[in-house]
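Keep in mind that this is a model prediction, so the values were computed, not measured. Each chain gets a letter, A, B and so on, in the order its sequence line appears, and its residues count up from 1.
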Amino acid sequence: MRYRNSLLPTLKEAPADATSVSHVLLLRAGFIRRMGAGIYGFLPLGVRVLNKVASIIREEMNRAGSEEVLLPALLPAEYFQESGRWDTFGDTLFRLKDRKRGDYHLGPTHEEIITDVIRREVKSYRDLPRSLYQIQTKFRDEPRPRGGLLRCREFIMKDAYSFHVSEDDAKQGYETMRLAYRRSFDRMGLDYRMVKADSGAMGGSGSAEFQVLVQSGEDLLVACKSCEYAANLEVAESAPLAPVGPDGEPPPVERVHTPKVGSIADVSRFLKLPEERFLKSLVYLAGGELVLAVVRGDHEVHEVKLARALGLSEVHLASAADVAKATGAAVGFAGPVGFKGRVVIDRDAANVRDAVTGANESDHHLTHVSVGRDFNAEVAQIRQVLAGDRCPSCGAELDCYRGIEAGHIFLLGTRYTSAMGGKYLDETGKEQTIVMGCYGIGVSRLVATVIEQHHDQNGIRWPMSLAPFQVQVVALGESPEVKAAVAQIEGGLEQAGIEVLVDDREERPGVKFKDADLVGVPLRVTVGEKGLKTGHVELKPRSEPDPKKVELVPLDAIVETLVLRVRRELGGKA
RNA sequence: CGGGGCGUAGCGCAGCCUGGUUAGCGCACUAGACUGGGGGUCUAGGGGUCGCCGGUUCGAAUCCGGCCGCCCCGACCA
């Protein structure tokens, strides 16, 4: 491909409204352009990368025995009405009406539609298992799109669905997908973790996220330094902490005056006791009632875990007025002793002996509080796991990371098939409900995610497997010798099936080098009169940060050298 | 949805507070010359309903009101 014939508009300065690294680089390097909030168009370079991401996923899905389908994005309301999601999906669903005033929506995900396909075609256990996938544009009216391609309202997703005769068989399908995901992300050169995740509103019995580790990620995770354990903070567990406080039965509860010291840090200093000896008590509004959540003074409540422990989808901190009503004291002096209502205590807080708590009376605390003796509470893991906590599976230390969710796999059970009549006849002729799994990968999000992990000050550094071109030839000057050499290299590479971009613009060398670094093609060949005098061209990998580190390769050997390097890099990741 | 910010040429910005004739600067773009290995220099150009609607005023990019759009933090996120 020749630069002069291509739309490759690079920008020296980034648009002011782009902040994340991938967003800035995708705009500057001319891969995408914004058409609206969370709505992007792909220019030629962007499409090339998008297609590479899709191809890798397609190859791995096919290898895993899944078959590609293409379902509509424009959908009559009846399917979501049947599953109930027409009402529960809320404002995230893009809804529209046709000319006959019928209700339609744009597909945010396709469990119902695929279930409809399967229930019509599958009648017998002999037809199972089945696995289908599609790569398609999805629409979600996100409350807050952000980060360019990282969170869009229109985006491209690979969604796969598997159908089974039993939970056991579904687990096998899930395992097959897990491997296909690993292979896909490995081939893309990503540093990621597979983590235990919350199934959320999807329902179902289990799920795992594939989180790409980057500082700019919006998800928080923990991973064990030694074993395979890794989890989203929303579901992370830790090994129990050792009890704190003196052995033996504490003295009776004592009420102490703690004037104007509400925070744990202040009271800790005032009473000269470490924060871990405190029971921090927070009042939450949970499903219409006020609930007291208790964690150790040096820990924080994780609201998603608290909500799950209570069997609810969400909880909110109570207002100051509600706190006063529930405890009879100002915020900062709540405590479990004598609290009228449900009390949930974190497992590690329940292990504090001789504790300090709020007294449910302004400016007062209680000391020598003993869990079980002075109050009763439900015990659950409701605190945030911290770096340095111990792994629940092997006891080694846990690390904290930030990640971008690139994929998510779910065991769905019969959530959709039972609501929509997805049934089959088993060997004995008895009607059974089909068991389901679903599996998503954010295809367009991956384009940005890869950049978040593969870039430097000068631009993008594509892995060979995803690069829009594998080789970029920079032609310096307009002399016949240079033109002939460039054409020779270009022809040789194309014959070998390698994608090559030739910068044949009438620009100064500096401009071409800067643009090449920005666009991030992995191998760069510079053809200039200087080198040609001795029969050489220059080869520089994009991964080499020093612009002066180029390798001289004889002109007649350059094509072979490049072909070998491209194949080696592709082979190593495939 | 709560909080904050922004909207002036394709991109980055100044001007607005304190209203006043042809609305500026850098990059990019067009033409020419010089230049030619890491975003060059000079000369001459083209490109704007100052987000939209209304109001105040002799006069509005500038003041006032309303609306729209976009970004960031948070809530939210199958």
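Base engagement by A/K530 is indicated by at least one non-hydrogen atom pair under 4.0 Å involving a base atom. As judged by a 4.0 angstrom heavy-atom cut-off over every strand, A/K138 is placed among residues making no nucleic acid contact. Among the protein residues, A/M35 comes within range of no part of the nucleic acid, since none of its heavy atoms lies under 4.0 Å from any strand. Looking at heavy-atom distances under 4.0 Å, A/R146 makes contact with a base. No engagement by A/G107 is indicated, since no non-hydrogen atom pair under 4.0 Å with the nucleic acid exists.
Between A/E111 and A/R85 there is a salt bridge, since a side-chain N of the basic residue sits under 4.0 Å from a carboxylate O of the acidic one. At a threshold of 4.0 Å, the pair A/E490-A/R2 counts as salt-bridged, since one of the basic side-chain nitrogens sits closer than that to a carboxylate oxygen.
A donor-acceptor contact under 3.5 Å links the side chain of A/R28 to the base of B/G39.
Look at the C1' atom in both B/G69 and B/U57: the space between them is 29 Å, to the nearest Å. For the C1' atoms, the distance from B/C70 to B/C34 is 44 Å, rounded to whole Å.
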Without placing hydrogens or testing angles, list every side-chain donor-acceptor pair under 3.5 Å for residues 13-27 of chain A, not counting sequence neighbours.
residue : atom : partner : partner atom : Å
A/S20   : OG   : A/H23   : N            : 3.3
A/S22   : OG   : A/E452  : OE2          : 2.8
A/H23   : NE2  : A/Y40   : OH           : 3.0

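Here A/R508 reaches the OP1 or OP2 of B/G40: one of its side-chain N or O atoms lies under 4.0 Å away.
Take A/K280 and apply the salt bridge (charged side-chain N to carboxylate O under 4.0 Å, His left out) test, not counting sequence neighbours, and it matches A/E300. Partners of A/F210 according to the ring pair (Phe, Tyr, Trp, His ring centres under 6.0 Å) rule, which considers only residues two or more places apart in sequence or in another chain, are A/Y181, A/F185. With sequence neighbours excluded, no residue forms a salt bridge (charged side-chain N to carboxylate O under 4.0 Å, His left out) with A/R130. Applying the side-chain hydrogen bond (donor to acceptor under 3.5 Å, both in side chains) rule to A/R119 yields the partners A/E82, A/D116; only residues at least two apart in sequence or on another chain are considered. Listed by chain and residue number, A/F80 satisfy the ring pair (Phe, Tyr, Trp, His ring centres under 6.0 Å) test with A/F89 (two or more places apart in sequence, or in another chain). Residues that satisfy the salt bridge (charged side-chain N to carboxylate O under 4.0 Å, His left out) test with A/D169, not counting sequence neighbours, are absent from this structure. The salt bridge (charged side-chain N to carboxylate O under 4.0 Å, His left out) check on A/E478 picks up A/R4, A/K483, with sequence neighbours excluded.
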Restricting to nitrogen or oxygen on both sides, can you table the protein-nucleotides 30-33 of chain B pairs closer than 3.5 Å?
none

Could you pull out the protein-nucleic contacts involving nucleotides 5-11 of chain B (nitrogen or oxygen on both sides, under 3.5 Å)?
residue : atom : partner : partner atom : Å
B/C11   : O2'  : A/E13   : O            : 3.3

Polar-atom pairs under 3.5 Å, protein N or O versus N or O of nucleotides 46-48 of chain B: list them with distances, or write none.
none

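Toward the 5′ end of RNA chain B lies the nearest nucleotide of A/Y40, the other residue of the pair A/P108 and A/Y40 mapping further downstream. The nearest heavy atom of RNA chain B to A/G440 and to A/R524 marks one nucleotide each, and the one closer to the 5' end goes with A/R524.
In the set B/U35, B/G38, B/C72, B/C72 carries the atom at the smallest distance from any side-chain atom of A/T19. When distances are taken from the side chain of A/L518 to each of B/U35, B/G39, B/A75, the shortest belongs to B/G39. With B/A28, B/G38, B/G37 as the candidates, the nucleotide lying closest to the side chain of A/E538 is B/G37. With B/G37, B/C71, B/C73 as the choices, the nucleotide that has an atom nearest any side-chain atom of A/L476 turns out to be B/G37.
Applying the salt bridge (Lys or Arg N to Asp or Glu O under 4.0 Å) rule to pairs touching residues 543-552 of chain A yields A/E551-A/R565, sequence neighbours excluded.
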